[in-house]
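Structure first, commentary second.
Counting convention: from 1, in listed order, for ligands and their atoms alike. All heavy atoms count here, side chains included; hydrogens, waters and symmetry mates do not. Everything numeric in this text was worked out from a predicted model, so none of it was measured.
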Amino acid sequence: MRTSLHLVAAAVAVALVSCKAQDPVIKTVTDTASAMLSDQIAAIDATGKILFPNTITEDGSVKYIGHRDWRVGFFPGTLWCMYELTGEEKWKNEAERFTEALEDVQYLTSHHDIGFMIGSSYLRGYRDTGKQEYIPIIIQSAKSLCTRFRPGAGVIQSWDADKGWQGTRGWECPVIIDNMMNLELLFEASKLSGDESFRNVAVSHADKTLENHFRENASCCHVVDYEIETGKVRSHQTAQGYAHESSWSRGQAWALYGYTMCYRYTSDPRYLEQARKVAAFILNHPRLPEDLVPYWDFDAPGIPDEPRDASAAAIIASALYELEGYSPDNGYRHKADKIVESLATDAYLARRGTNGNFILMHSVGSIPHGNEIDVPLSYADYYYLEALTRRALK
Ligand code: GLY
């Protein structure tokens, strides 16, 4: 397991996953996803453009996003996952078409999310195909991300100080827990280029986040604002959670996934321990519902009448499958299976012809901004299908 997530040659991985696709949950979801993604692609092709779906609007129509949006890689990433799950060339061709339309993203420096954007598209595609022409794009993307590294503080600055979300301005060097996810791009760029500086930035960022983002109970806040020259913490805040002190569910999911992934590349036991502590916080939380699909914030005041966040559930499931490989006998796989199975029920899995052709219903973008509440989201679909590929590898 330790090696299977990132070292198995792509073609072998595709074949492996494809053999295991007899699992009835994987089969149901893959069949549904196959129909819905085919419809999604047909709708895009009818426009004569290459568009990147992210969610639906109030009238139910699909909302597309531009190349600067942090979520733009998830649609191609979902298509790569379909290739891994089915082994069908059709999905590889579509994944390549949508990935290669994002070549300009490699130069993006205006926020930290290039790791999500290139990780789900070019990096995933490189793993699946070994395409050499993707390597310089992955390395250039890592260089772009490193322009946001602030050596005095030892962190990658997530957002520009003057581009705060409404009500949260006044930052100097804001870092959000989500940023842990961008480190995978740096670890991979070091492996591909032999340049250790990318990895060093990733380790510095992971260490500072370990030091400053977490509370006693292993939950994390969303935003830590640093003094840019010294690394002194200026404040702990939230942008997308219920309150500065609350536990925003997707933030906990990013923390779990982020430290599990950092352990994959470093074997640093502190990262594994943190991942296990975060898993314990999530899985033992008294307000985690029985189906293991969290409310959008563990401290949302109206629980049980608050929206669930299927995206957080999908990210948690995918991370738990990996964590099981490093820390077996803790029941992580069992919990991941339970989440995946909950999401495969009619309560979350959409029917063909509904939900803007997205696979999962019931995710939350940002309740404080009144944005994307109880809707499908491209990254919920992406991490759900990724979780299925990990389930299949066992
Ligand atoms: N990375 C932004 C979010 O999780 O909504």
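The only member of Tyr259, Tyr257, Tyr263 that meets ring pair (Phe, Tyr, Trp, His ring centres under 6.0 Å) when paired with Tyr271 is Tyr259.
For Glu172, the salt bridge (Lys or Arg N to Asp or Glu O under 4.0 Å) partners two or more places apart in sequence, or in a different chain, are Arg234.
Between Trp70 and ligand 1, no pair of N/O atoms sits closer than 3.5 Å. For ligand 1, none of its N or O atoms has an N or O atom of Trp248 under 3.5 Å away.
Looking only at protein heavy atoms, the nearest one to atom 1 (N) of ligand 1 is Asp178 OD2, 2.6 Å.
Arg308 forms a cation-pi arrangement with Tyr295, by the criterion of a distance under 6.0 Å to the ring centre and an angle within 45° of the ring axis.
Near Arg250, the atoms of ligand 1 lying under 4.0 angstrom from a non-hydrogen atom of the residue are 3 (C), 4 (O), 5 (O).
Among residues at least two apart or in separate chains, salt bridge (Lys or Arg N to Asp or Glu O under 4.0 Å) pairs with a member in residues 206-224 are Asp207-Arg270.
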